Amino acid sequence: MLFFALAVAIATPISRPGGKRTDISDVEAVFNTLKTSTDSILPQINGLVSNGTVTGAAITPLVNDLTSALNSATSSLGTLQAVTTPASNEVATLIAGVVSDVATTLNGVQGIVPTLLETLGGVDLALSKVLAAVDGLLAGVLTLVANLLVDVAGLLRSLAFGLTLAELHL
């Protein structure tokens with residue numbers, strides 16, 4: 001009888017609270033929330049660049065907000081279970097869009113504020129953690145994302161985002 005109980009316990013899938021299993025829409029929801037955050041933060045950074053008012057004091061809080069948004073996404077992904085369905089192009093496109101937007105915006109700041117290099121290292125770390133977390137949930141998603149980001153790889157290199165590049169195998 002103990003063997004039967006153990007076999008049932010092992011074979012029973014683990015569910016999140018509420019009994020709902022993770023599906024691809026849960027992962028997509030996390031990235032939609034992240035995109036909403038980046039769509040608020042990145043235009044502010046772009047505005048500072050276009051107005052010529054970029055200073056360390058002005059940009060650092062925005063970069064810290066970006067890092068916090070990425071860390072929040074990682075935490076949210078950490079509450080999910082691996083998804084058994086294959087990664088979709090739609091989710092990969094969403095993820096790639098966030099990475100591309102971040103790289104493009106931060107590339108515009110690079111060189112303007114020399115003291116920002118250390119702060120950008122925090123963004124690289126946070127972004128790589130988001131990618132690692134989603135890779136653990138959706139098998140093959142980073143291959144799709146990397147294929148979409150081939151043209152952005154140069155920006156990531158110029159930003160010295162080695163951790164992000166390594167996660168993407170670029």
Side-chain angles (χ1 to χ4, degrees), residues 1-42 62-107 119-170:
M1 192 65 153
L2 179 60
F3 173 74
F4 177 73
L6 183 59
V8 170
I10 291 172
T12 304
I14 300 170
S15 298
R16 292 184 318 182
K20 182 177 181 255
R21 293 194 45 83
T22 300
D23 66 28
I24 204 162
S25 66
D26 297 318
V27 175
E28 190 173 10
V30 171
F31 279 95
N32 281 324
T33 300
L34 176 58
K35 179 143 180 55
T36 298
S37 295
T38 60
D39 285 352
S40 170
I41 299 164
L42 298 177
L62 294 171
V63 173
N64 289 340
D65 289 347
L66 177 60
T67 302
S68 293
L70 292 165
N71 288 335
S72 179
T74 300
S75 294
S76 294
L77 290 170
T79 66
L80 303 177
Q81 301 171 15
V83 177
T84 56
T85 56
S88 72
N89 285 333
E90 185 177 302
V91 172
T93 301
L94 177 62
I95 296 167
V98 169
V99 174
S100 178
D101 292 348
V102 167
T104 301
T105 294
L106 295 180
N107 190 58
T119 307
L120 291 181
V123 175
D124 180 30
L125 177 61
L127 187 55
S128 70
K129 286 181 178 182
V130 170
L131 295 173
V134 76
D135 189 41
L137 296 172
L138 288 173
V141 72
L142 288 191
T143 300
L144 296 173
V145 171
N147 288 335
L148 294 169
L149 290 174
V150 169
D151 295 336
V152 179
L155 292 178
L156 293 169
R157 279 187 197 88
S158 71
L159 291 166
F161 275 23
L163 297 171
T164 299
L165 287 164
E167 258 329 302
L168 294 168
H169 302 288
L170 291 174

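Just so you know, these numbers come straight off a predicted model, no measurement behind them.
Distance alone, capped at 3.5 Å, places no donor-acceptor pair between the Ser100 side chain and the Ala96 backbone. Looking only at distances, no side-chain donor or acceptor of Ser72 sits under 3.5 Å from a matching main-chain atom of Ser68. Remark: the backbone N or O of Thr36 is not paired with any side-chain donor or acceptor of Ser40 at under 3.5 angstrom. Side-chain atoms of Ser128 come within 3.5 Å of backbone N or O of Leu125 as a donor-acceptor pair.
Two residues are said to be in side-chain contact when any heavy atoms from C-beta on lie closer than 4.5 Å; Asp23 and Thr85 fail this criterion. Using a 4.5 Å cut-off on side-chain heavy atoms (C-beta onward), Phe161 and Leu155 make no contact. Between Leu80 and Val30 the shortest side-chain heavy-atom distance falls below 4.5 Å. Within the 4.5 Å cutoff, the side chain of Leu34 has no heavy atoms near those of the Ile95 side chain. Side-chain contact between Leu70 and Lys129 is absent, with no heavy-atom pair separated by less than 4.5 Å. Residues Lys35 and Asp101 are in side-chain contact: their nearest non-hydrogen atoms beyond the backbone lie under 4.5 Å apart. Leu159 places none of its side-chain heavy atoms less than 4.5 Å from the side chain of Asp124.
Just one of Thr143, Leu148, Leu156, Leu163 meets the side chain to side chain contact (heavy atoms under 4.5 Å, CB included) condition when paired with Leu168; it is Leu156. Of the candidates Leu66, Leu62, Leu42, Leu42 is the only one forming a side chain to side chain contact (heavy atoms under 4.5 Å, CB included) with Thr105.
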